[in-house]
Amino acid sequence: TTAPASTSTPVPASAFATPVLPKISLQWGVAILRQQPPPTPQAPSPRLVRPLIIVSAPRSGSTLLFETLAHAPDLYTVGGESHAQLESIAAIRPALQGYRSNRLEAGDATPAVVAELHARFWQALRDRDGRRPDAGTSPRLLEKTPKNALRVPFLDAAFADAQYVYLYRDPEENVSSIIEGWESGDF
């Protein structure tokens, strides 16, 4: 038998759990979400500008999208997912804080945490040719870590000028892919 044709249903803006994202209705796979910029706080140094953050469930196609976008000449990445950059900061490491999940709120983005986060990203950034950004520049970060779906309020506070790409995959196909991954032993 064949699976029924995939149809997408609109996703209400309230599903994004942050008031700065606009109300949208998702009709197909990818939507670029633009926030209303809040007043600009004092920028930490080094400065990352307009990070492009992919928000998605695991195994939803985010790696393909990330690897495609990473070929753009003006984007810098840490080479993959940013677990080390985020979870090496003691103040937001779930195990040290007694958090039950990797969810982070805007209040977790203290000035010290944001400065450390920017510095950790800066240290790991490379462009498509493996080059580090020049000193004194403000590179644009491309970020893709599925746990970030739990961290949008935090990321929005840490990167006030960020843009988000919400990647949607049919839930049945997504869960099937996750099960395949678990059964493969690669997780």
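By convention here, the first residue in the shown sequence is residue 1.
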So Leu86 and Phe154, side-chain contact (heavy atoms from CB on, under 4.5 Å) or not? Walk me through it.
CA-CA 11 Å; Leu86 282 147; Phe154 169 81; 3.7 Å; yes
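- Remark: Asp74 pairs with no residue by the salt bridge (Lys or Arg N to Asp or Glu O under 4.0 Å) rule, at least two apart or across chains.
- Residues Leu141 and Trp122 have side chains not in contact (no heavy-atom distance under 4.5 Å, counting atoms from C-beta outward).
- Residues that satisfy the side chain to side chain contact (heavy atoms under 4.5 Å, CB included) test with Arg50, not counting sequence neighbours, are Arg140, Asp161, Gln163.
- Judged purely by atom type and a 3.5 angstrom limit, Arg132 uses its side chain to pair as donor or acceptor with the backbone of Gln123.
- Without hydrogens or angle criteria, Thr68 side chain to Leu64 main chain gives a donor-acceptor distance under 3.5 Å.
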Where do Val55 and Leu167 land on the side-chain contact (heavy atoms from CB on, under 4.5 Å) test, with the steps shown first?
CA-CA 6 Å; Val55 179; Leu167 184 61; over 6 Å; no
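- Here Arg100 pairs with nothing under the salt bridge (Lys or Arg N to Asp or Glu O under 4.0 Å) rule; sequence neighbours left out.
- Here the shortest heavy-atom pairing between Val49 and Ser138 reads CG2-O, 3.2 Å.
- Here the closest non-hydrogen pair linking Tyr76 and Pro139 is CD1-CB, 3.5 Å.
- Relative ring orientation between Phe159 and Phe121 is described as perpendicular, the plane-to-plane angle rising above 60° on a 0-90° scale split at 30° and 60°.
- Residues satisfying the side chain to side chain contact (heavy atoms under 4.5 Å, CB included) test with Asp129, not counting sequence neighbours, are Asp127, Arg131.
- When atom types are taken as modelled, the side chain of His118 and the backbone of Val113 share no donor-acceptor pair closer than 3.5 angstrom.
- The side chain to side chain contact (heavy atoms under 4.5 Å, CB included) test applied to Ile179 returns Val175, Trp182, Glu183, not counting sequence neighbours.
- In terms of the salt bridge (Lys or Arg N to Asp or Glu O under 4.0 Å) criterion, Asp108 has no residue partners (sequence neighbours excluded).
- Checked against side chain to side chain contact (heavy atoms under 4.5 Å, CB included), Arg128 has the following partners two or more places apart in sequence or in another chain: Pro73.
- For the pair Pro153 and Arg103, the minimum side-chain heavy-atom distance is below 4.5 Å.
- The list of salt bridge (charged side-chain N to carboxylate O under 4.0 Å, His left out) pairs with a residue in residues 111-123, not counting sequence neighbours, reads Glu116-Arg120.
- Listed for the Ser176 side chain is no donor-acceptor partner under 3.5 Å among the backbone atoms of Glu172.
- The minimum heavy-atom distance linking Ala157 with Ala109 is given by the pair CB-CB, 3.7 Å.
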Run the side-chain contact (heavy atoms from CB on, under 4.5 Å) test on Leu125 and Leu48 for me, step by step, so that the C-alpha distance in whole Å, both residues' side-chain angles and the decisive distance to 0.1 Å come before the verdict.
CA-CA 10 Å; Leu125 288 181; Leu48 303 171; 3.5 Å; yes
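- Across every non-hydrogen atom of Leu142 and Ala70, the tightest pair is CD2-N, 3.5 Å.
- Residues Ile54 and Leu150 do not share a hydrophobic cluster, defined by chaining ILVMFWY side chains whose heavy atoms lie under 4.5 Å apart.
- Sorted by first and then second residue, the side-chain hydrogen bond (donor to acceptor under 3.5 Å, both in side chains) pairs involving residues 144-155 (not counting sequence neighbours) are Ser62-Lys144, Thr63-Lys144, Glu81-Lys144, Ser82-Thr145, Glu87-Lys147, Glu87-Arg151, Asn102-Arg151, Glu143-Thr145, Glu143-Asn148, Asn148-Arg151.
- Rounding to the nearest 0.5 Å places OH of Tyr164 at 14.0 Å from OG of Ser56.
- Using a 4.5 Å heavy-atom cutoff, the side chains of Leu69 and Leu52 are in contact.
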